[in-house]
Amino acid sequence: MDTWSLQTFVMVFCGSVIGTALGTLWAVIVCALLVIVGIGVVMAGGSDFILNQIALGPFFGPHLGSFLVPIIASAYSAGVRGNHPTGNGKDIVSPLIGTSWDVLAVGGLVGCFNWVLFNLIIQIPILNQFDGFGLSIMICCLLSRAVFTREGPFGSKESIQKYGLLGTDNGNIAWQANQSTNFARSMFLGGCLGALFGGIALSIVDAMQPMVDSGAVASGNVTLCAQLIGWAIAIFSLLPAFFSTKSYANVPSWHSQCSVPALVAMYTGSIVAAAVTGVLMWLLQELMARLFVNHASNSFCDPPASAIAFGTFFINILLKPEFLNLSSLFH
């Protein structure tokens, strides 16, 4: 589809309205399922339409209706309209179908705005070394916080003064206390995830190389499959959190520790480097949570998306041949 056509913007608007109605968590789980299906089709030598146009594109991309838009609509519903189902704009689980037409319309408009922002980011030198999905999500979340809840990027000044900018009050205000209060466990998990999905990425690249050589599959789609398979599996694993608040729903948010290590593995060919990256990505994700989520009173800014945005930037600058080219040290 043409990026700037009227038809594309209609698709973006309508997909964003539907995502708003579903709510953030359920919408992004649907997106993850579409990504998995799309990857399967590409790996079988089929079209990349489901992956690139539906799951990641104007129909239902995570920077649009399947993730960002319901986050922003929740902040509007709680902070402006006062009709959020739980009254909490940080709630990314509750569907918003029971709010009002204008909440759904705000979702549609935000989707159109971020479609423009995303496509500008991926064209601007240096900015395009960030993950465009993650950076545009982060920018929109912080803008909506200022507009809808009248708070700065770090959230409530009172909370910051009381607990300290990086404080969590022993996990009581933490985004995910089970991860924030046990660094050793979370870092160990991050390292294992990095190694696992780094290895999977290398295996996918090797398995699909004959298809690339024959012209059946574009090399860019192979990279996309290798990097996103872990992201999609991690998102889909959040399904229990949608249905329950009991202990078995206390699943980790680990998609940042899958996708960026996979990228590192493809640059370096090393699962050790991927494992180290998994640890660093968990630390970066936790930092993003402490800076941009914990102290916010009524809005959300996704820590994994923010970590993926900055993590991708650092990795590209460090490892790409046109920048510091440190990947050459591994070969």
Side-chain angles (χ1 to χ4, degrees), residues 16-17 19-28 62-111 113-114 117 134 136-180 238 241-242 245 253 285-307 309:
S16 296
V17 168
T20 302
L22 292 174
T24 305
L25 185 56
W26 188 240
V28 77
H63 55 317
L64 304 171
S66 69
F67 187 66
L68 167 71
V69 163
I71 291 176
I72 307 300
S74 289
Y76 171 78
S77 176
V80 178
R81 289 289 276 122
N83 61 1
H84 191 279
T86 63
N88 180 8
K90 296 171 77 171
D91 171 11
I92 65 169
V93 177
S94 299
L96 299 177
I97 184 62
T99 54
S100 53
W101 73 268
D102 56 310
V103 172
L104 302 183
V106 164
L109 293 173
V110 169
F113 172 82
N114 204 51
L117 177 62
S136 64
I137 287 169
M138 185 178 183
I139 290 171
C140 271
C141 286
L142 296 181
L143 283 175
S144 72
R145 177 171 295 168
V147 173
F148 297 145
T149 67
R150 300 291 191 267
E151 289 183 344
F154 302 131
S156 164
K157 293 180 180 179
E158 293 77 12
S159 178
I160 294 171
Q161 291 170 354
K162 184 175 181 180
Y163 302 114
L165 180 59
L166 299 181
T168 67
D169 188 28
N170 294 320
N172 291 321
I173 63 168
W175 166 59
Q176 286 199 336
N178 64 312
Q179 293 182 252
S180 298
L238 297 173
F242 184 79
T245 58
S253 293
Q285 175 181 285
E286 180 63 20
L287 177 62
M288 295 295 103
R290 295 186 181 214
L291 287 176
F292 301 114
V293 177
N294 291 354
H295 299 292
S297 61
N298 223 8
S299 61
F300 186 71
C301 181
D302 188 57
S306 302

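Both backbone and side-chain heavy atoms feed into the values below; hydrogens, waters and symmetry mates do not.
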Answer yes or no: is there a side-chain heavy-atom contact under 4.5 Å between Pro153 and Arg145?
-> no
Nearest 0.5 Å please: distance from the CG atom of Asn83 over to the OG1 atom of Thr99.
-> 5.0 Å
Find out whether Val69 and Thr24 are in side-chain contact, i.e. whether some heavy atom of one side chain is under 4.5 Å from a heavy atom of the other.
-> no
Do His84 and Asp91 come within less than 4.5 Å of each other through their side chains, counting heavy atoms only?
-> yes
Side-chain heavy-atom pair Glu286, Pro303 within 4.5 angstrom cut-off = no
Ignoring hydrogens and angles, tell me if any N or O in the side chain of Asn294 forms a donor-acceptor pair with the backbone of Thr168 under 3.5 Å.
-> no
Looking at side-chain heavy atoms only, is the closest gap between Met288 and Val293 below 4.5 Å?
-> no
Heavy atoms, side chains only, cut-off 4.5 Å: are Asn88 and Asn298 in contact?
-> yes
Stepwise side chain to side chain contact (heavy atoms under 4.5 Å, CB included) check, Ser297 with Ser159 | CA-CA 9 Å; Ser297 61; Ser159 178; over 6 Å; no
Mind checking whether Phe300 and Trp175 have parallel, tilted or perpendicular rings, split at 30° and 60°?
-> tilted
Distance col, row Leu142:CG vs Ile137:CD1, nearest 0.5 angstrom, shows 12.0 Å
Residue pair Ala296 / Lys90: nearest heavy atoms and the distance that separates them = O-NZ, 3.0 Å
Could you tell me the separation between the CG atom of Leu96 and the CG atom of Leu22, rounded to the nearest 0.5 Å?
-> 9.5 Å
How close do Leu165 and His295 get, heavy atom to heavy atom, and via which atoms?
-> O-NE2, 2.9 Å
Closest heavy-atom pair and its distance - Ile72, Ser144 | CD1-OG, 3.3 Å
Please report the closest heavy-atom contact between Gly19 and Ala27, naming both atoms and the distance.
-> O-CB, 4.0 Å
Measure the shortest side-chain to side-chain distance between Cys141 and Phe292 over non-hydrogen atoms and say whether it is less than 4.5 angstrom.
-> no
After noting the C-alpha distance and the side-chain angles of Ser156 and Glu151, does the key distance pass the side chain to side chain donor-acceptor pair (under 3.5 Å) rule?
-> CA-CA 6 Å; Ser156 164; Glu151 289 183 344; 4.6 Å; no
Minimum-distance pair of heavy atoms, taken over all atoms of Ser253 and Pro304 | CB-CG, 4.4 Å
Find the distance between CG (Leu109) and CG (Leu104) and round it off to the nearest 0.5 Å.
-> 11.0 Å
Where do Thr20 and Ala73 come nearest, in terms of heavy atoms and distance?
-> CG2-CB, 3.5 Å
Given side chains that start at C-beta, do those of Phe67 and Asp302 come closer than 4.5 Å, heavy atoms only?
-> yes
Per side chain to side chain contact (heavy atoms under 4.5 Å, CB included), Thr86 is matched among Ser74, Ser94, Ser77 by Ser94
Taken to the nearest 0.5 Å, the spacing of Phe113 CZ from Ser136 OG works out to 9.5 Å
Give, for atom CD1 of Ile173 and atom OG of Ser180, the distance between the pair rounded to the nearest 0.5 Å.
-> 10.0 Å
